[in-house]
Amino acid sequence: MSKTQDLGSLLQDADLFRTQGYINGKWVSASDGITFPLTNPATGSKIADMPHMPRTQVSEAIDAAKAALPSWSALTAYQRSSYLLKLHSLMEQHSQDLGTILCVENGKPLAEAKGEIAYGASFMQWNAAEGLRTYGQTIPSPYPGTRNIVIKQPIGVCGLITPWNFPNAMITRKMAPALAAGCTVVIKAPAETPLSALAMAVLCERIGIPPGVVNVVLMDKGDREAAAGLELCENPKVSKISFTGSTPVGRLLMKQSSSTLKKLSFELGGNAAFIIFDDADLELAVTGVIASKFRAAGQTCVCANRIFVHADIYDKFATLLTEKVKQLQIGNGLDQGITIGPLVNSRGVEKVERHVKDALSKGAKVLIGGEGFSPNNNNNDIQGEGVETCFYKPTVLINVSDDSFVSSEETFGPLAPLFKFKDEKDVIEKANSSEVGLAAYFYTKDLSRSNRVSEALEVGMVGVNTGVIAQACIPFGGVKQSGFGREGGPSGINEFQIEKVSFLT
Ligand SMILES: NC(=O)c1ccc[n+]([C@@H]2O[C@H](COP(=O)([O-])OP(=O)(O)OC[C@H]3O[C@@H](n4cnc5c(N)ncnc54)[C@H](O)[C@@H]3O)[C@@H](O)[C@H]2O)c1
Ligand SMILES: O=CCCC(=O)O
């Protein structure tokens with residue numbers, strides 16, 4: 001029997017822990033009372049019963065967002081900016097509680113979860129400033145005495161569909177530019193991590209964001225999730241869908257949105273190549289791989305998925321990496337000193353197991369890890385008998401063959417497969433052989449190679465001598481089947497605006 005987690009008792013401000021959706025400024029259960037259980041992936045304990053909302057409630061949320069649009073969009077950019085700055089400041093103030101909520105529902109260690117809150121808050125700060133600079137243009141006209149004036153306006157109601165791997169930051173990365181631009185939003189939060197979305201709704205309510213401007217709808221995976229997607233994509237009152245998640249769901253949402261020709265921006269899956277050339281600083285490269293590969297237990301879209309190491313340094317690098325991986329502390333993210341938590345659910349563990357098994361069957365060798373893990377849970381939230389937790393040991397594989405599953409599929413788990421290469425051209429070809437192109441990384445001390453390789457990699461983002469690329473001020477996004485549109489940076493807010501031209505005669 002699993003024990004129930006008393007999340008409220010872990011918080012300084014227990015009011016941030018909500019278990020109802022947020023529509024038109026009201027906290028609401030599913031209209032038919034149906035709920036689904038939310039569990040802690042580190043302990044298997046139930047955290048809460050969450051509303052399993054039907055499509056009609058998604059439609060109500062859209063109506064509320066549409067009704068709130070005229071007055072929100074009529075505010076000055078300065079007024080909207082001041083709301084975002086207040087959210088930024090409240091997020092910083094409540095970072096311990098927001099981090100605890102995130103850690104308990106998602107599994108990432110508390111320090112990392114608090115890091116995500118800081119990252120999430122940075123989108124509020126960046127867009128508070130960026131909203132003030134959505135300049136138009138005056139374009140010289142070919143006709144004497146006339147002028148063409150271009151202004152930017154909010155696109156309208158936006159459907160924001162977000163994943164569980166960054167329960168806070170993937171919401172704020174969309175919500176902040178949308179609100180700054182003057183749009184209103186319906187957030188479809190993921191079933192695995194609804195609480196972080198709701199905690200943000202509490203903060204919106206506290207600072208007086210008017211009812212209907214921000215709405216959060218929730219439901220479990222399956223039929224109602226699909227119905228919510230259909231409603232958001234087909235309802236003509238929604239003007240834009242911003243989605244972060246897997247490539248197959250992106251394809252489906254694009255197809256569904258064709259009926260109303262919505263503006264779309266999609267941040268989809270990755271399969272990042274991480275290349276270590278023979279002139280690289282190996283200590284730095286190991287640090288980079290640890291940061292890129294094992295953040296969020298390997299569950300980020302920009303995680304190193306294929307690590308290509310030059311043949312001349314392959315053995316040395318593998319040894320150094322294994323030593324560093326040994327130092328990672330796996331366990332319940334609430335416990336002191338833990339640096340790697342569980343995967344979000346058992347499906348995540350199964351995928352890592354499948355990739356490891358397949359690689360071994362094709363000749364790979366385990367240097368460390370290669371199996372699941374049962375934590376000795378000394379937290380007050382004690383594991384119940386027969387409760388399923390979701391840990392997999394951080395793993396390094398060598399001699400991985402090019403036809404392994406991990407070569408073509410995103411593992412989304414703590415598996416570092418090392419491939420061997422000899423030639424720059426050859427490794428670039430391999431890196432680019434993926435159908436997705438989100439991020440890539442490489443380590444070298446050669447400046448001309450830095451420019452050459454950066455330009456040759458078919459991705460939206462390149463880390464040169466670093467394994468960490470995310471910042472609010474960069475245009476985050478991919479090419480090929482990693483999606484389109486950019487989040488953050490000067491272009492992030494454009495995704496939520498239209499350009500309108502007036503011909504002045
Ligand atoms: N490019 C990026 O910025 C980025 C960031 C984070 C995650 N991701 C990608 O997301 C994937 C992991 O996340 P996931 O497993 O939650 O992805 P997912 O596509 O299964 O789910 C993402 C969101 O879409 C919702 N969803 C699923 N089916 C839907 C449907 N038919 N209609 C409407 N909504 C639907 C889910 O409930 C969730 O809220 C990975 O592939 C990862 O690379 C990409
Ligand atoms: O998982 C994708 C988002 C990762 C990030 O923003 O660093």
Side-chain angles (χ1 to χ4, degrees), residues 270-295 298 300-327 359 363-365 367-368 394-404 406-408 410-411 414-471 474 478-480 482:
N271 181 358
F274 198 115
I275 306 167
I276 299 133
F277 288 102
D278 51 351
D279 64 340
D281 178 324
L282 291 196
E283 295 284 345
L284 276 186
V286 166
T287 307
V289 169
I290 296 282
S292 167
K293 178 68 252 184
F294 296 107
R295 186 165 69 120
T300 86
C301 55
V302 291
C303 269
N305 200 57
R306 296 167 293 155
I307 302 169
F308 297 102
V309 187
H310 193 278
D312 292 353
I313 51 162
Y314 189 88
D315 293 340
K316 185 164 182 212
F317 181 82
T319 308
L320 287 173
L321 180 63
T322 305
E323 282 309 309
K324 263 282 186 326
V325 169
K326 246 183 225 161
Q327 292 164 22
K365 190 175 153 221
L367 287 191
I368 187 167
T395 297
V396 178
L397 296 184
I398 52 167
N399 303 336
V400 184
S401 86
D402 287 343
D403 63 346
S404 302
V406 64
S407 186
S408 54
E410 186 185 28
T411 305
L415 163 61
L418 305 190
F419 300 84
K420 209 177 265 182
F421 78 93
K422 284 203 169 129
D423 174 64
E424 179 182 307
K425 191 162 160 282
D426 184 42
V427 77
I428 289 172
E429 219 165 86
K430 282 186 177 155
N432 288 343
S433 66
S434 174
E435 65 180 19
V436 293
L438 188 58
Y441 309 82
F442 63 90
Y443 277 66
T444 183
K445 290 186 192 136
D446 179 336
L447 185 58
S448 60
R449 176 188 274 152
S450 288
N451 294 329
R452 198 168 58 235
V453 176
S454 291
E455 284 170 24
L457 288 166
E458 294 170 1
V459 292
M461 298 170 286
V462 185
V464 185
N465 295 321
T466 178
V468 182
I469 50 179
Q471 304 157 39
I474 59 152
V479 299
K480 303 201 273 189
S482 285

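The shown structure was predicted, so the numbers you read here are calculated from the model rather than taken from an experiment.
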Is [Y] close to [X] at the side-chain level, that is, under 4.5 Å between some pair of heavy atoms?
{"X": "Asp281", "Y": "Tyr443", "answer": "no"}
{"X": "Val309", "Y": "Leu321", "answer": "no"}
{"X": "Thr319", "Y": "Leu367", "answer": "no"}
{"X": "Thr300", "Y": "Cys303", "answer": "yes"}
{"X": "Phe294", "Y": "Val325", "answer": "yes"}
{"X": "Leu438", "Y": "Met461", "answer": "yes"}

Would you compute the distance between atom [atom1] of [X] and atom [atom2] of [Y] and round it to the nearest 0.5 angstrom?
{"X": "Ile313", "Y": "Leu320", "atom1": "CD1", "atom2": "CG", "value": "9.5 Å"}
{"X": "Lys480", "Y": "Ser434", "atom1": "NZ", "atom2": "OG", "value": "6.0 Å"}
{"X": "Lys316", "Y": "Leu282", "atom1": "NZ", "atom2": "CG", "value": "5.5 Å"}
{"X": "Asp403", "Y": "Ser408", "atom1": "CG", "atom2": "OG", "value": "9.0 Å"}

Just by distance, do the side chain of [X] and the backbone of [Y] share a donor-acceptor pair under 3.5 Å?
{"X": "Thr322", "Y": "Ala318", "result": "yes"}
{"X": "Asn305", "Y": "Val406", "result": "yes"}
{"X": "Tyr441", "Y": "Ile469", "result": "no"}
{"X": "Ser482", "Y": "Gly270", "result": "no"}
{"X": "Arg306", "Y": "Ala431", "result": "yes"}
{"X": "Lys365", "Y": "Asn399", "result": "no"}
{"X": "Asn432", "Y": "Glu458", "result": "yes"}

For residues 285-293, dump all side-chain donor-acceptor pairs below 3.5 Å to protein atoms at least two apart in sequence or in another chain.
from: Thr287; atom 1: OG1; to: Glu283; atom 2: O; distance (Å): 3.0
from: Ser292; atom 1: OG; to: Ala304; atom 2: N; distance (Å): 2.9
from: Lys293; atom 1: NZ; to: Ala304; atom 2: O; distance (Å): 2.9
from: Lys293; atom 1: NZ; to: Gly413; atom 2: O; distance (Å): 3.3
from: Lys293; atom 1: NZ; to: Leu415; atom 2: O; distance (Å): 3.0

Could you pull out the closest heavy-atom pair between [X] and [Y], with the gap in Å?
{"X": "Ser404", "Y": "Ser401", "value": "OG-O, 2.8 Å"}
{"X": "Ala416", "Y": "Ile307", "value": "CB-CD1, 3.7 Å"}
{"X": "Asp423", "Y": "Asp426", "value": "OD2-N, 3.0 Å"}
{"X": "Asp402", "Y": "Phe419", "value": "OD1-CD2, 3.7 Å"}
{"X": "Ser407", "Y": "Asn271", "value": "O-ND2, 3.2 Å"}
{"X": "Thr444", "Y": "Ser450", "value": "CG2-OG, 3.7 Å"}

**OP:** Scan for salt bridge (Lys or Arg N to Asp or Glu O under 4.0 Å) pairs involving residues 443-455, sequence neighbours excluded, and state none if there are none.
**Re:** Asp279-Arg449, Glu424-Arg449, Glu424-Arg452

Original post:
Under 6.0 Å between the ring centres of Phe442 and Phe308?
Top reply: no

**OP:** Kindly indicate, with the supporting measurements, whether the criterion ring-ring contact (aromatic ring centres under 6.0 Å, His included) is fulfilled by Phe277 and Phe421.
**Re:** CA-CA 9 Å; Phe277 288 102; Phe421 78 93; 5.6 Å; yes

